[in-house]
Amino acid sequence: MKVRLYGFEIESTSSSVSIDDLLANLHSASGTPDTSRGIERRIYLDSKFHKGYHLGLVVTVKDQKRFCRLENDHGNIKITVENLKGKDKLMEFNFFAINKNNGIGIYQHYFQSCGVNVFGGYLSSQHKDLREKLIEDDIKKEKSSNGGKLSESKEKKIRKKHSGSLKFSPLVRKETLKAILDEYKRIKAFEYEYSTLDVDSQPGVPLGKYVKKKREKLTFSRDWSVKELAPGIAKTID
């Protein structure tokens with residue numbers, strides 16, 4: 001299993017909900033099931049074990065009751081189908097750590113597990129939920145002190161007070177694209193997507209006039225080396 005480590009940074013533009021507030025809430029609700037994205041995930045966070053870092057784990061619960069196992073029976077390979085028992089389920093996990101001083105973190109990812117941007121989406125959603133809860137509480141207080149009434153201007157003022165969002169930004173390397181590509185042993189394909197206000201439609205292509213986005217994938221022959229492909233890809237991006 002090939003594991004990659006991705007850097008990220010979180011920053012709050014809200015004066016009501018800071019990064020510390022968000023992570024304190026995650027710590028208190030550690031391990032609570034979240035099914036908001038159609039799949040059960042649990043985010044575990046420990047803020048006490050390490051002095052300088054919040055340490056966490058994302059657990060993805062798979063809705064799957066069967067799995068295949070490869071057995072070696074005295075040189076004979078057998079594939080056995082196993083059934084999980086009772087309420088047992090398969091799971092995937094991703095570790096992460098966040099610096100307590102600057103909000104910069106690292107995320108461990110492997111193929112088909114929860115992606116770093118998906119993880120960021122959960123943090124953003126929880127940040128939004130905290131702000132919405134503050135808005136709801138302030139509206140209730142205002143109504144209780146004014147006979148159950150709340151003017152439109154007062155509600156706008158409350159919402160503005162708790163405005164803002166969480167900025168989740170994957171970190172990128174400072175090297176040029178060519179320098180990064182030069183480190184690869186092999187480049188199999190290059191895929192890119194772009195949006196334009198006016199897409200060129202070729203004559204004789206029935207769908208040309210309907211296109212809003214265009215995606216192209218270039219697959220390279222094994223005969224071409226990284227040394228030959230890297231400059232061309234970098235020049236294409238430029």
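These values consider heavy atoms only, across backbone and side chains, with no hydrogens, waters or symmetry-generated copies.
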**Student:** How many angstroms lie between CD1 in Ile187 and CD1 in Ile233, if you round to the nearest 0.5 Å?
**Tutor:**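 The CD1 atom of Ile187 sits 4.0 Å away from the CD1 atom of Ile233.
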**Student:** Sub-3.5 Å donor-acceptor pair from the side chain of Asn146 to the main-chain atoms of Gly148, do we have one?
**Tutor:** no
**Student:** Tell me the closest heavy-atom pair linking Val81 and Cys68, and the distance in Å.
**Tutor:**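 It is CG2-SG, 4.2 Å.
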**Student:** How far apart are the closest heavy atoms of Asp182 and Ala230, and which atoms are they?
**Tutor:** OD1-CB, 3.4 Å
**Student:** Around atom CG of Leu70, are there more than 12 heavy atoms from other residues, nucleotides or ligands closer than 6.0 Å?
**Tutor:**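 For Leu70, atom CG is crowded (more than 12 foreign heavy atoms under 6.0 Å).
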**Student:** Do Phe93 and Tyr6 sit in the same hydrophobic cluster, where Ile, Leu, Val, Met, Phe, Trp and Tyr count as joined when their side-chain heavy atoms come under 4.5 Å apart?
**Tutor:** no
**Student:** Salt bridge check: are Lys128 and Glu132 linked by an N-O gap of less than 4.0 Å?
**Tutor:**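 No, Lys128 and Glu132 are not salt-bridged.
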**Student:** Using the ring of each side chain (for Trp, its six-membered ring), is Phe168 parallel, tilted or perpendicular to Phe8, with breaks at 30° and 60°?
**Tutor:** parallel
**Student:** If every non-hydrogen atom of Leu22 is compared with every non-hydrogen atom of Val17, which pair is closest and at what distance?
**Tutor:** N-CG1, 4.4 Å
**Student:** When rounded to the nearest 0.5 angstrom, what distance separates CD1 in Ile98 from CG in Leu23?
**Tutor:**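 Spacing of CD1 (Ile98) from CG (Leu23) equals 5.0 Å.
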**Student:** Give the intermediate values and the outcome of side-chain contact (heavy atoms from CB on, under 4.5 Å) for residues Arg41 and Val58.
**Tutor:** CA-CA 7 Å; Arg41 285 197 171 97; Val58 179; 4.2 Å; yes
**Student:** More than 12 heavy atoms of other residues, nucleotides or ligands under 6.0 Å from OH of Tyr44: is that the case?
**Tutor:**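 Buried by this count: over 12 neighbours within 6.0 Å.
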**Student:** Is Val59 reachable from Val118 through a run of I, L, V, M, F, W or Y residues, each pair having side-chain heavy atoms under 4.5 Å apart?
**Tutor:** no
**Student:** Verify, without hydrogens or angle tests, whether Ser30 (side chain) and His27 (backbone) share a donor-acceptor contact under 3.5 angstrom.
**Tutor:** no
**Student:** We want to know whether Asp34 and Ser36 form a side-chain donor-acceptor pair, criterion being a heavy-atom distance below 3.5 angstrom.
**Tutor:**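 Result is yes, a qualifying pair exists.
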**Student:** Mind running side-chain contact (heavy atoms from CB on, under 4.5 Å) on Ile43 and Leu26 for me, showing each step along the way?
**Tutor:** CA-CA 8 Å; Ile43 299 179; Leu26 274 173; 4.3 Å; yes
**Student:** Residues two or more places apart in sequence or in another chain: which of them pass salt bridge (charged side-chain N to carboxylate O under 4.0 Å, His left out) with Lys161?
**Tutor:** Asp138
**Student:** Where the side chain of Ser221 meets the backbone of Trp224, is there a donor-acceptor pair that is under 3.5 Å apart?
**Tutor:** no
**Student:** Going through the distances and angles, do Leu229 and Leu181 end up as a side-chain contact (heavy atoms from CB on, under 4.5 Å)?
**Tutor:** CA-CA 9 Å; Leu229 292 173; Leu181 293 176; over 6 Å; no
**Student:** Got a sec, which residues hit salt bridge (charged side-chain N to carboxylate O under 4.0 Å, His left out) with Glu40, two or more places apart in sequence or on another chain?
**Tutor:** Arg42
**Student:** So how far is it from Glu175 CD to Ile180 CD1, rounded to the nearest 0.5 Å?
**Tutor:** 5.5 Å
**Student:** Examine distances only and state if a side-chain atom of Ser113 and a backbone atom of His109 form a donor-acceptor pair shorter than 3.5 Å.
**Tutor:** no
**Student:** So if you build clusters from Ile, Leu, Val, Met, Phe, Trp, Tyr with side-chain heavy-atom gaps below 4.5 Å, do Met91 and Phe95 land together?
**Tutor:** yes
**Student:** If you round to the nearest 0.5 Å, how far is CD1 of Ile135 from OG of Ser16?
**Tutor:** 8.0 Å
**Student:** Given 3.5 Å as the limit, does a donor-acceptor pair link the side chain of Lys100 with the main chain of His50, or not?
**Tutor:**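 Pair found, side chain donor or acceptor close to backbone of His50.
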**Student:** Is a donor on one side and an acceptor on the other found under 3.5 Å between the side chain of Ser151 and the backbone of Lys154?
**Tutor:** yes
**Student:** Between Asp137 and Lys133, is there a salt bridge with N-O shorter than 4.0 Å?
**Tutor:** yes
**Student:** Would Thr236 and Phe190 satisfy side-chain contact (heavy atoms from CB on, under 4.5 Å), going step by step from the backbone distance to the final call?
**Tutor:** CA-CA 10 Å; Thr236 300; Phe190 171 48; 4.0 Å; yes
**Student:** Would you name the heavy atoms of Phe119 and Cys114 that are closest together and state the gap between them?
**Tutor:**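 Looking at all heavy atoms of both residues, the closest pair is N-SG, 4.1 Å.
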**Student:** Tell me whether Glu152 at atom CD has more than 12 heavy atoms from other residues, nucleotides or ligands lying less than 6.0 Å away.
**Tutor:**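 No, because the 6.0 Å sphere around CD of Glu152 holds 12 heavy atoms or fewer from other groups.
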**Student:** For Ser225, is there any backbone N or O sitting under 3.5 Å from a side-chain donor or acceptor partner on Glu228?
**Tutor:**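 Yes; judged by distance alone, with no hydrogens or angles, the pair exists.
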**Student:** Could you check whether Ser12 and His127, counting side-chain N and O atoms only, form a donor-acceptor pair closer than 3.5 Å?
**Tutor:**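 Per modelled atom types, His127 and Ser12 side chains form a pair under 3.5 Å.
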**Student:** To the nearest 0.5 Å, what is the distance between CG on Leu150 and CD on Glu142?
**Tutor:**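 So the CG of Leu150 and the CD of Glu142 are separated by 6.0 Å.
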**Student:** Checking Thr13 side chain against Ser165 main chain: does a donor-acceptor pair fall under 3.5 Å?
**Tutor:** yes
**Student:** Please report the shortest heavy-atom distance between Leu166 and Ile10, naming the atom on each side.
**Tutor:**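 The pair with the smallest heavy-atom distance is CD1-CB, 4.2 Å.
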**Student:** Taking all heavy atoms of Ser125 and all of Arg37, pick out the closest pair and write down the distance.
**Tutor:** OG-NH2, 3.8 Å
**Student:** Could you state the interatomic distance from CD1 (Ile77) to CG (Asn72), rounded to the nearest 0.5 Å?
**Tutor:**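 Ile77 atom CD1 to Asn72 atom CG measures 4.0 Å (nearest 0.5 Å).
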**Student:** For the residue pair Phe96 and Tyr107, categorise the inter-ring angle as parallel (less than 30°), tilted (30 to 60°) or perpendicular (more than 60°).
**Tutor:** parallel
**Student:** Between Arg131 (side chain only) and Arg159 (backbone N and O only), is there a donor and an acceptor less than 3.5 Å apart?
**Tutor:**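 Checked: no pair found.
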**Student:** Is it the case that Arg4 places NZ or CZ above or below the six-membered ring of Tyr110, under 6.0 angstrom from the centre and within 45 degrees of the axis?
**Tutor:**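 That pair does not qualify as a cation-pi contact.
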**Student:** Treating Asn94 as the side-chain partner and Gln108 as the backbone partner, does any N or O pair qualify as donor plus acceptor under 3.5 Å?
**Tutor:** yes
**Student:** Only counting residues at least two apart or in another chain, list the ones meeting salt bridge (charged side-chain N to carboxylate O under 4.0 Å, His left out) with Glu11.
**Tutor:** none
